[in-house]
Trainee: 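Handing you this structure, nothing more for now.
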Amino acid sequence: MNGTTRDRLMLAIAIVMAAIYLFPLYWMYVTTLKSGSEVFATPPSFWPASPQWSTYAFVWESRNMGRYLWNSLVIAVGSVALISVLGVGCAYVLARYRNAWVDVGLFLILMLQVLPASLMITPIFVGFSQLGMLEYPRLAVIIAIAAKSMPFFVVLVRATFMGVPQELEEAALVDGNSRIGAFFSIVLPLARNGILVSALLIFMQAFGEFVYSKSIIQAAELQPASVGLNSFMGPNTNEWNNIMAYATMYVTPILAIFVLLQRRIVSGLTSGALK
Amino acid sequence: MKRLFSSMRDGLGFDIALVAFPLGFLLLMSGLPLVYNVVMSFQEVDMFSLGTFSRPFVGLRNYTDLFAQPETYPILLNTLIFVVGSIAGQFLIGFGLALFFWVNFPGASWLRGLFLVSWVMPGLVVGAIWGWILSGDFGVLNFILRETGLIDANIFWRSDPDYSLYAVILANIWLGTSFNMILLSVGLSGIPGDLYEAAELDGANAWQRFWTITLPTMRSTIGAIVALGLIFTLQQFDLFAAITSGGPNNASNVTQYWAWELSFRQYDFGKGATVSVVMIVFVMIAALVYVRSTRHEVRG
């Protein structure tokens, strides 16, 4: 067997495996295009007989999806902004020095990274309610998400800063820059890509966040799309084509970003999470 | 004052300021709730005493009550099954895929990256899709299993107490496999290639090379990934909320979902905090294993 045949064979097997793995996604998209009765056909059809595009408009209107997605966006953007402002400097300092204090800080950050949200929500909720924070539920959720996701961001961005040669910063200091000047004009631009990818990962996580939003936000007008999807799926639901249409409109933007920037996201993820 | 400012601009003060705010924020919003959680586990906290700080201390009553409840041990057992089943499935399939994609062929890295879509999707969406695939009467999984002759009658994955936990495990394996695979791929690519060349010259076959080179050199990576898998599995909440809600009759309930239910469905925050404290101890142990096995890399 020569090289090309082997390559083609491997590629074919890989494509088959990817197709099996991604079948649930295909099933989501196909179900959205089926009519109400075709959804329950036996045997199920693997290709819609007559695609029902109107399902999307119907679900968008009837479930108020614009509002839900807007709330998800507000929460995700707010979390990313707060995490970036706090996390970038922290990651920079932890990358620049190597001493016992840095080790303590890193250990602290790694330990706080692992606390499950569904276990932390009880004290956070009670504390927030005592402080009156529940009056601003979306802000409360943003703060809770920031506390949960910032350690992950710091670990990823720190790995990026480790890749910036310290000689460049030292040269800038010799040339008369202040520390702040060197940080903003030399270090930050060089680490820009890594920071953007990490921020994107945080954005995707926060866009799909559920536990905090479900527990803290009571008013339906302020709930994000994850909570909306949860209330759409009752225990005895049979509107699967509508639910899948909801899921499709929710997840397709994320999937599009991911497929476009896949290479960078994967390499950014692997550089920091584990080497 | 002037010295303070110039230190902020030019010296160590700059670094300390950069690191103090985020760490302060983390301690306030993550560390303090952790302590508060322990305090609440010794208190009686319900809807009425929620707003005040003067709540009755009840000593260890929450803990003794908890372990006297009939559902506690089944739920702990469910958690164990969920954790072991999920990690075993994610790790074995992920390792298989990582080994397959390790053979370099055109398009390998792109296709491998594509698997990660399961990981970036919102958990609720993954839960919704699997809820539909696993649906009893019209679910496509039952159809496939029937057609291939594996089952005779439909399995009601979500409402049959014998299967509901496995329905969530199945979805969780799908969700986490890709992440395991990517991390294992990184570990595999770090093994020096000349080790294999030398072994091949000595006449070792692929199986022997796997057991004598691949597994031993991957040992610390595998340790880290299993610990990370434990951490992620104990964080899994969305799939339970979307697929079974812990039901029927707690058959698929696990501690991290139960803790939330106690607090936000039964409004017994003290009990919820108690379950949380017990589980956080486990998570912390896993985190220690993880930090230990990645210590060298973290220090740089």
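Just so you know, these numbers use all the heavy atoms, side chains as well, and skip hydrogens, waters and symmetry mates. Protein chains get the first letters and strands the later ones, always in sequence-line order, with residue 1 at the start of each.
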Trainee: Relative to chain B, which segment of A:Val39 carries a heavy atom at a distance below 4.5 Å: side chain, backbone, both, or neither?
Mentor: both
Trainee: Could you check whether any side-chain heavy atom of A:Lys214 comes within less than 4.5 Å of a side-chain heavy atom of B:Trp260, counting everything from C-beta outward?
Mentor: yes
Trainee: Quick one: what part of B:Leu262 sits under 4.5 Å from any heavy atom of chain A, side chain, backbone, both or neither?
Mentor: neither
Trainee: Quick check on the interface: out of B:Ala259, B:Ser245, B:Ala241, who has the most heavy-atom pairs with chain A under 4.5 Å?
Mentor: B:Ala241
Trainee: With a 4.5 angstrom heavy-atom cut-off, could you sort out which part of A:Leu131 is near chain B: side chain, backbone, both or neither?
Mentor: neither
Trainee: Is it true that, when you exclude A:Tyr26 itself, more than 12 heavy atoms of the residues, nucleotides or ligands shown sit nearer than 6.0 Å to its OH?
Mentor: yes
Trainee: So what's closer than 4.5 Å to chain B heavy atoms on A:Tyr92: side chain, backbone, both or neither?
Mentor: side chain
Trainee: With no hydrogens and no angle check, is any side-chain donor or acceptor of B:Trp174 less than 3.5 Å from a backbone partner on A:Tyr21?
Mentor: yes
Trainee: Can you name the closest pair of heavy atoms from B:Asp238 and A:Gly208 and give their distance?
Mentor: OD2-O, 4.3 Å
Trainee: Quick one, A:Phe128 and B:Met29 - any side-chain contact, counting heavy atoms below 4.5 Å?
Mentor: yes
Trainee: How long is the span from the CH2 atom in A:Trp27 to the CD1 atom in B:Ile129, to the nearest 0.5 Å?
Mentor: 12.5 Å
Trainee: Where on A:Ser215 is there a heavy atom nearer than 4.5 Å to chain B: the side chain, the backbone, both, or neither?
Mentor: both
Trainee: What closest approach, in Å, do A:Leu119 and B:Ser276 show between heavy atoms, and which atom pair accounts for it?
Mentor: O-OG, 3.1 Å
Trainee: Relative to chain B, which segment of A:Phe183 carries a heavy atom at a distance below 4.5 Å: side chain, backbone, both, or neither?
Mentor: side chain
Trainee: In this structure, is the centre-to-centre distance between the rings of A:Trp240 and B:Phe138 below 6.0 Å?
Mentor: no
Trainee: Check B:Gly113 against A:Val266 and note the closest heavy-atom contact, atom names and distance.
Mentor: CA-CG2, 4.1 Å
Trainee: What residue, out of B:Ser263, B:Ser30, B:Ala273, has the most heavy-atom pairs lying under 4.5 Å from chain A?
Mentor: B:Ser30
Trainee: Need one label for B:Ser178: side chain, backbone, both or neither, based on atoms under 4.5 Å from any heavy atom in chain A.
Mentor: both
Trainee: Please flag which part of B:Ser109 lies under 4.5 Å from any non-hydrogen atom of chain A: side chain, backbone, both or neither.
Mentor: both
Trainee: Take a 6.0 Å sphere around CZ of A:Phe40 and say whether it holds more than 12 heavy atoms from other residues, nucleotides or ligands.
Mentor: yes
Trainee: What I'd like to find out is whether the side chain of A:Pro123 reaches to under 4.5 Å of the side chain of B:Leu34, using heavy atoms alone.
Mentor: no
Trainee: Looking at chain B, which one of A:Arg96, A:Met204, A:Met120 has the largest number of heavy-atom pairs inside 4.5 Å, strictly under?
Mentor: A:Met120
Trainee: Should the heavy atoms of other residues, nucleotides or ligands under 6.0 Å from CZ of B:Phe282 be counted, would the total exceed 12?
Mentor: no
Trainee: Which label fits A:Phe125 and B:Phe269: parallel for a plane angle under 30°, tilted from 30 to 60°, or perpendicular past 60°?
Mentor: parallel
Trainee: For a 4.5 angstrom cut-off between non-hydrogen side-chain atoms, does B:Phe25 reach A:Ile143?
Mentor: yes
Trainee: Taking side chain as everything from C-beta outward and backbone as N, CA, C, O, which of these in B:Thr177 sits under 4.5 Å from a heavy atom of chain A? Side chain, backbone, both or neither.
Mentor: both
Trainee: Heavy-atom distance under 4.5 Å to chain B: side chain of A:Ala146, backbone, both or neither?
Mentor: both
Trainee: Name the member of B:Leu23, B:Leu111, B:Leu114 that forms the most heavy-atom pairs with chain A at distances under 4.5 Å.
Mentor: B:Leu114
Trainee: Could you check if a side-chain atom of A:Leu115 sits within less than 4.5 angstrom of a side-chain atom of B:Met284, using non-hydrogen atoms only?
Mentor: yes
Trainee: Report which part of B:Phe101 has an atom under 4.5 Å of a heavy atom belonging to chain A: side chain, backbone, both, or neither.
Mentor: side chain
Trainee: Could you look at A:Ile121 and say if it's the side chain, the backbone, both or neither that has a heavy atom under 4.5 Å from chain B?
Mentor: both
Trainee: Whether the A:Ser118 and B:Tyr257 side chains hold a donor-acceptor pair (N or O, under 3.5 Å, no angle test) is what I'd like checked.
Mentor: no
Trainee: Under 4.5 Å heavy-atom distance to chain B, tell me which part of A:Ala18 shows up: side chain, backbone, both or neither.
Mentor: both
Trainee: Identify which part of B:Phe100 has an atom lying under 4.5 Å from any heavy atom of chain A, answering side chain, backbone, both or neither.
Mentor: both
Trainee: Measure A:Glu209 against the heavy atoms of chain B and call it side chain, backbone, both or neither at under 4.5 Å.
Mentor: neither
Trainee: Using side-chain hydrogen bond (donor to acceptor under 3.5 Å, both in side chains) as the criterion, list what pairs up with B:Gln266, not counting sequence neighbours.
Mentor: none
Trainee: Under 4.5 Å heavy-atom distance to chain B, tell me which part of A:Leu11 shows up: side chain, backbone, both or neither.
Mentor: both
Trainee: Counting only non-hydrogen atoms closer than 4.5 Å, does B:Asp137 touch chain A with its backbone (N, CA, C, O), its side chain (CB onward), both, or neither?
Mentor: neither
Trainee: Tell me, for B:Met40 versus chain A, whether the close heavy atoms (under 4.5 Å) come from the side chain, the backbone, both or neither.
Mentor: side chain
Trainee: Select one option (side chain, backbone, both, neither) describing which atoms of B:Arg112 are under 4.5 Å from chain A's heavy atoms.
Mentor: neither
Trainee: Using non-hydrogen atoms and a 4.5 Å limit, figure out which bit of B:Trp110 sits close to chain A: side chain, backbone, both or neither.
Mentor: both
Trainee: In terms of relative ring orientation, are B:Phe143 and A:Phe46 parallel, tilted or perpendicular, with 30° and 60° separating the classes?
Mentor: tilted
